[in-house]
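Worksheet for the structure shown next.
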Amino acid sequence: MVDLSLVTDLSRAWIAPAFIFAIVALGLNLQWGHAGLFNAGVAGFFGIGAYIGAIFTTPAIGPGPGGPGHLGLVSLFAIFTPYTVLIAFLVGGIAAMVVSGLVGLLIAIPTLRLRADYLAIATLALGAIAVESIRNSDPVTGGVYGILRIPRPWEFGQDVWRTELAYAITAGVIVLLVFFLIQRATRAPWGRALKAIREDEDAALALGKNTYFLKLQAFVIGAALMGGAGALFAGLLRVAVPDSFTPALTFSIWTMVIVGGSGNNKGVIVGAFALTFLEYFTLRAKDWFNLSSFWDIRIFYLRLIAIGLLLIALILFRPAGLVPEPRKVTKKPWILFGSR
Amino acid sequence: MLLLEVDGVSKSFGGIRAVDKCTLEVEAGSIVGLIGPNGAGKSTLFNLVIGTYSPDVGRIVFRDERIDGMPPYEIVERGLAKTFQIPREFRSLTVLENVMVSARGEPGESPVLSLLGLRRVWRREEELERKSRDLLALIGLSELADEPARNLSGGQKKLLELARVLVMDPSLILLDEPVAGVNPTLSLKILSLIEDLRKSGKTFFLIEHDMNVVFNRCDRVIVMHQGRVIAEGKPAEVRAHPAVLESYLGG
Ligand SMILES: Nc1ncnc2c1ncn2[C@@H]1O[C@H](COP(=O)(O)OP(=O)(O)OP(=O)(O)O)[C@@H](O)[C@H]1O
Ligand SMILES: [Mg+2]
């Protein structure tokens, strides 16, 4: 018989996070890899989504010994019993995308008209502001205590491995769907126009492209994907705390995109799996290899060094990433609608 | 019929008056040459017409409609197109994609329409590909269609510039030194292509330093100097104009 605890562990600590970060990486890749838009506030969009998702799925708790409460919109969906959480999860996921997308829109509207640096500065600020606002909005977000005991749509009680595997599969299906949509849109003339903007925005403008509008579309869709992934992440961790959404997270997502292959949608998924595996490995290595307690703490720092070395090696030997951008952008997709 | 009217247009960059109360006209169906010393403001004038810059003062009228102050995509939509003096190819797109991406009003450039996968969207795309390949054949770049544009030589990049504006099917084409750096046989071919297109109803406004081209191919010539128009008329008139001789032609 297979060791089901391994299924639990792999799902929870590697596969599901890899899928979730793959969605974020696809969002960042749309912004940076395809359209050349710098986003230094990935964790902010992701965090906003995580909290929106959590608020929709978690029952309300009033202020009390457990810490401050939160809205607990899940009660709105009680009429759908026994699918309450599933419906709340779906609605929360969509709301997370909408809110993160709107925040992206608000940032993009003024800054995308300006030089590229301003978007970088504004997103950097958003990352900081989002976390601080979350930390200080106790009645809605639980403040520093966060939101705890976030439920998932599929729970199997004692069969922990089933619960974990089901969630990983859910995330995987969403990755497939997102990948299919993004791949299709970026291989269409839309993606070609985005790449033209990335290569030379002034030239694209003079050739008659509405570069502002195209950039806005790419940025907002990317931000929405980050938000949706955040909602999934809250369900995975079962808690949402402000400290999960630090600039270190933004940095990891960037690493996934660069390592995997900026501009290649498949590549960034590979990057997400590779980097989350590295993290999983350092977390479990001491059990697998019976490492002494000397390595317990040090291995986490070694991981950071390894990531640094990996990035340097990649820049030297494979500057375009593990799976480089395809040479031709446009590909004919399957025709879905319309007659000959 | 007047196609383009530039009326008292000025543009300064800091202390430099690049274009200074410039007034000129382009007749529909003609080939008009724009000449003048380096730094006279010719490229800046083109950038003003296409909307890259907006004039400090003055009016620019295209087909009886004011276009100054409009963003370039609205101006391009109305049927103007411009090439760059120094080629601005999209480096990592292929040569063919460079041409295709320049087409106007492609429905697939909307993310929603591209996701829906409508057959008509992709038929447009197929037509565009055919048209773009024909244009590449015309300028002799067929072989390189699937190469990244960064691999082209300087002269080939100038040719690509030309293909990118032709695919837009504009009625007024602004060419900033279209044959500079292009070999003689090919530049003859390009000039006869321009002639053919003019016969089919297109209008050309071109900057050129090669006086053979200017005086043999253009219907009218406009001379700029220090941001102003100092002379204009038929090639023969301009060639004998004292101010032009002094500031530009030498002699
Ligand atoms: N973006 C800009 N910023 C500052 N100065 C500029 C800018 N564009 C043009 N100029 C200045 O305006 C003047 C006219 O330049 P322009 O490029 O229009 O000349 P030109 O007639 O096209 O010359 P050439 O024949 O050498 O191409 C020059 O003095 C140039 O330095
Ligand atoms: Mg010039």
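Note on naming: letters A, B, ... go to the chains in the order of the sequence lines (proteins, then strands), and numbering restarts at 1 for each one.
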Looking only at heavy atoms, what is the nearest atom pair of [X] and [Y], with distance?
X	Y	result
A/Ala203	B/Phe84	CA-CZ, 3.7 Å
A/Lys209	B/Ala103	NZ-O, 3.0 Å
B/Thr52	A/Ala206	OG1-CB, 4.0 Å

Non-hydrogen side-chain atoms of [X] and [Y] separated by less than 4.5 Å:
X	Y	answer
A/Leu207	B/Phe90	yes
B/Arg150	A/Glu199	no
A/Phe213	B/Ser110	no
A/Leu181	B/Leu115	yes

(request) Measure B/Leu128 against the heavy atoms of chain A and call it side chain, backbone, both or neither at under 4.5 Å. (result)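 Contact with chain A involves the side chain of B/Leu128 alone.
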(message) Which atoms of B/Asp146 are under 4.5 Å from chain A, going by heavy atoms: the side chain, the backbone, both sets, or neither?
(response)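 Contact with chain A: backbone and side chain both.
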(request) Run the numbers on A/Arg184 and B/Ser114 for side-chain contact (heavy atoms from CB on, under 4.5 Å), then give the verdict. (result) CA-CA 7 Å; A/Arg184 202 177 162 90; B/Ser114 66; over 6 Å; no
(message) Can you tell me which of B/Glu89, B/Met100, B/Glu77 forms the most heavy-atom pairs within a distance under 4.5 Å of chain A?
(response)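 Most heavy-atom pairs under 4.5 Å with chain A: B/Met100.
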(message) Quick check on the interface: out of B/Glu74, B/Arg91, B/Lys82, B/Glu125, who has the most heavy-atom pairs with chain A under 4.5 Å?
(response) B/Glu125
(message) Check B/Glu147 with A/Arg327, please: is the shortest side-chain N to carboxylate O separation under 4.0 Å?
(response)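 A salt bridge links A/Arg327 with B/Glu147.
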(request) Would you tell me whether B/Ser92 and A/Glu325 have side-chain atoms, one donor and one acceptor, within less than 3.5 Å of each other? (result)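 Result is no, nothing qualifies.
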(request) List the steps, then state whether salt bridge (Lys or Arg N to Asp or Glu O under 4.0 Å) holds for A/Lys195 with B/Glu97. (result) CA-CA 10 Å; A/Lys195 282 209 173 151; B/Glu97 284 171 336; over 6 Å; no
(request) Would you mind checking which part of A/Leu194 comes under 4.5 Å of any heavy atom in chain B, side chain (CB onward), backbone (N, CA, C, O), both or neither? (result) neither
(request) Measure A/Ala218 against the heavy atoms of chain B and call it side chain, backbone, both or neither at under 4.5 Å. (result)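 The answer is neither part of A/Ala218.
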